[in-house]
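Proteins get letters first, then strands, A, B, ... in listed order; numbering begins at 1 in each. Remember, predicted model here, so these are calculated numbers, not experimental data.
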Protein chains: 2
Amino acid sequence: MKVVLVVDDEPHLRRTLAISLRAHGYEAETVADGRSALQSIAERVPDAVVLDLGLPDLDGVEVLRRIRETSTVPVVVLSARTDSTDKVEALDLGADDYVTKPFGMQELLARIRVVLRRAPDGAGGPQAFTTSHVSLDFAERRAVVAGETVHLTPTEWRFLETLAAADGRLVSREDLLHQVWGPGYQREANYLRVYANQLRRKIEPEPGAPRYLVTEPGQGYRLLGDAPRTASPATPRPAP
Amino acid sequence: MKVVLVVDDEPHLRRTLAISLRAHGYEAETVADGRSALQSIAERVPDAVVLDLGLPDLDGVEVLRRIRETSTVPVVVLSARTDSTDKVEALDLGADDYVTKPFGMQELLARIRVVLRRAPDGAGGPQAFTTSHVSLDFAERRAVVAGETVHLTPTEWRFLETLAAADGRLVSREDLLHQVWGPGYQREANYLRVYANQLRRKIEPEPGAPRYLVTEPGQGYRLLGDAPRTASPATPRPAP
DNA sequence: GAGAGCCGTCAAGAACGCGTCAAGACGCGT
DNA sequence: ACGCGTCTTGACGCGTTCTTGACGGCTCTC
């Protein structure tokens, strides 16, 4: 069952929202302030967050920013402020929707369905990547390869994080460059080669024949878990 | 560059939107009615759609439904109607956001950024093509033919993608050349022969007698699903 | 029945993408 | 100011992919 975290300081609205959510088949968790929200997310990442910006302790925007530091969980922002600037700020900070009070409950629920629909299952972000050979702990920034702790540079971590977040799916060169180096690096496909190379030397059992960090020629890269080997008995390379 | 399709019947709004979008680094395409919108999407799937529900020809909701039949491209709906029921209907039909007029341009642009952020790269394209013999997963760029995974080159994928997007309809040589190789290749009908040939060897059970990737002489090509066989009991080839 | 147009087929050279390496530039802490 | 680790940049070789031209068969037209 999908878990929705409701962050709101008004007890009445909190209760109403929780009831409506449960009536629609979600598991609703409620907290009254920003600190509790961040703590709750740290314990268990919900499938979506409904965040009221008018909170007693922290600025709601600040809460959103902190959430985005560690997670890509969908966030629907509630606010009494209708100013366009506020909306743009929240949306650009990573909010997935911005609903102004007063709002219709049916509409809010529909918008929650929308963000849940778009978010990949368990979008809270992979905290770890583990195979029989490699083990990456992103929270701790620890990499263990074949029992040995291996040191990775910041850029190498971002590279792996981006790939791990895709959970085995293909990550295009553009996305990778944008995620790791920021905007404006779309031309530097060189970087990808260099770092893919370095990472393979660090984490692959056989860097020449990558098993985890694989290239999709012309497309991008992909981080795979332990593969059910596709029965290639010896891959005998014809001697030249 | 990201392509945004604007569907609106008001010339003024259309122009304003297009200008704003271009100023923010998007490629803007504009159409004035539902039919043109569907046609434009059939030709080339944009990265996002801004769809005004008040259209002269088709009901906007109907347009949205048709879009969702073939594509998961992000759609931001514009509407003058503020009724909650309308919003819920559109959102549940697959709209990614619902903005009521009048709206602030900055807000709309922010909301477009949001939906683009969430949508996987090229999510608008055809999802898959499956027959008893061939199975193409465009998102993963995986081709499985008779149980075996087959490798396709980037150009081969674009070729098949373009044909699959037409969903069995004829794709003219011009369109094909334009989609796969870009503008300025209209003269190179040779390429089509070469790649059609290569693809048939890879995906057809009997490359000499194409069942899926069929030629329309003098016209173009077409990608067909499993055909209700037209009673050709053995396809007996007269011995030469 | 000859000719023209179109399509499928093939193969070779060019162009491209990727892995690899190493030398500098840069930034940070001491 | 110095040294260290990290990032950037350019160059090279190799394999793959694309481009290009040529040839033969088929069909439709005259």
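- If you take CG of B:L152 and P of D:dT16, they are 16 Å apart, rounded to a whole angstrom.
- Note: CD (B:E216) to C1' (C:dC7) measures 13 Å, nearest angstrom.
- Atom CZ of B:R68 has more than 12 neighbouring heavy atoms from other residues, nucleotides or ligands inside a 6.0 Å radius.
- Put simply, CD on B:E156 is 7 Å from P on D:dC18, counting in whole angstrom units.
- In this structure, the OH atom of B:Y195 is 15 Å from the P atom of D:dT16, given to the nearest Å.
- For the pair A:H151 and D:dG5, the criterion of a side-chain N or O lying under 4.0 Å from OP1 or OP2 is not met.
- In this structure, B:N197 does not reach the C:dG8 phosphate: none of its side-chain N or O atoms is under 4.0 Å from OP1 or OP2.
- If you check C:dG17, D:dT17, D:dC7 against the side chain of A:R173, the one that comes closest is C:dG17.
- For CZ of B:R141, the number of neighbouring non-hydrogen atoms (other residues, nucleotides, ligands) closer than 6.0 Å is greater than 12.
- Here B:R193 does not reach the OP1 or OP2 of C:dT9: none of its side-chain N or O atoms lies under 4.0 Å away.
- Heavy-atom minimum distance, B:D96 versus B:P74: OD1-CA, 3.3 Å.
- The interatomic distance linking B:Y221 (OH) with C:dC7 (C1') rounds to 7 Å, in whole Å.
- For A:N190, whose side chain is taken as the heavy atoms from C-beta onward, the closest listed nucleotide among D:dC18, D:dA11, D:dT8 is D:dA11.
- Heavy-atom contacts from other residues, nucleotides or ligands closer than 6.0 Å to CZ of B:R222 number more than 12.
- In terms of phosphate contacts, A:W181 brings a side-chain nitrogen or oxygen within less than 4.0 Å of OP1 or OP2 of D:dT8.
- Proximity note for B:V194 (side chain, C-beta onward) versus D:dC7, C:dG8, D:dT20: the nearest is D:dT20.
- Taking side-chain N and O atoms only, B:T215 has no distance below 4.0 Å to OP1 or OP2 of C:dC6.
- Rounded to a whole Å, the CD atom of B:E204 is 17 Å from the P atom of C:dC7.
- The interatomic distance linking A:L192 (CG) with C:dC16 (C1') rounds to 16 Å, in whole Å.
- Distances shown here put a side-chain N or O of A:T153 below 4.0 Å from the OP1 or OP2 atom of D:dC7.
- Atom pair A:Y185:OH and D:dT8:P shows a separation of 6 Å (rounding to whole Å applied).
- Distances were taken from every side-chain heavy atom of A:Y191 (C-beta onward) to each of D:dT8, D:dT20, C:dC6; the shortest belongs to D:dT8.
- Under the Watson-Crick or G-U wobble criterion, with both distances below 3.5 Å, C:dT20 is paired with D:dA11.
- No more than 12 heavy-atom neighbours from other residues, nucleotides or ligands sit within 6.0 angstrom of CD on B:E148.
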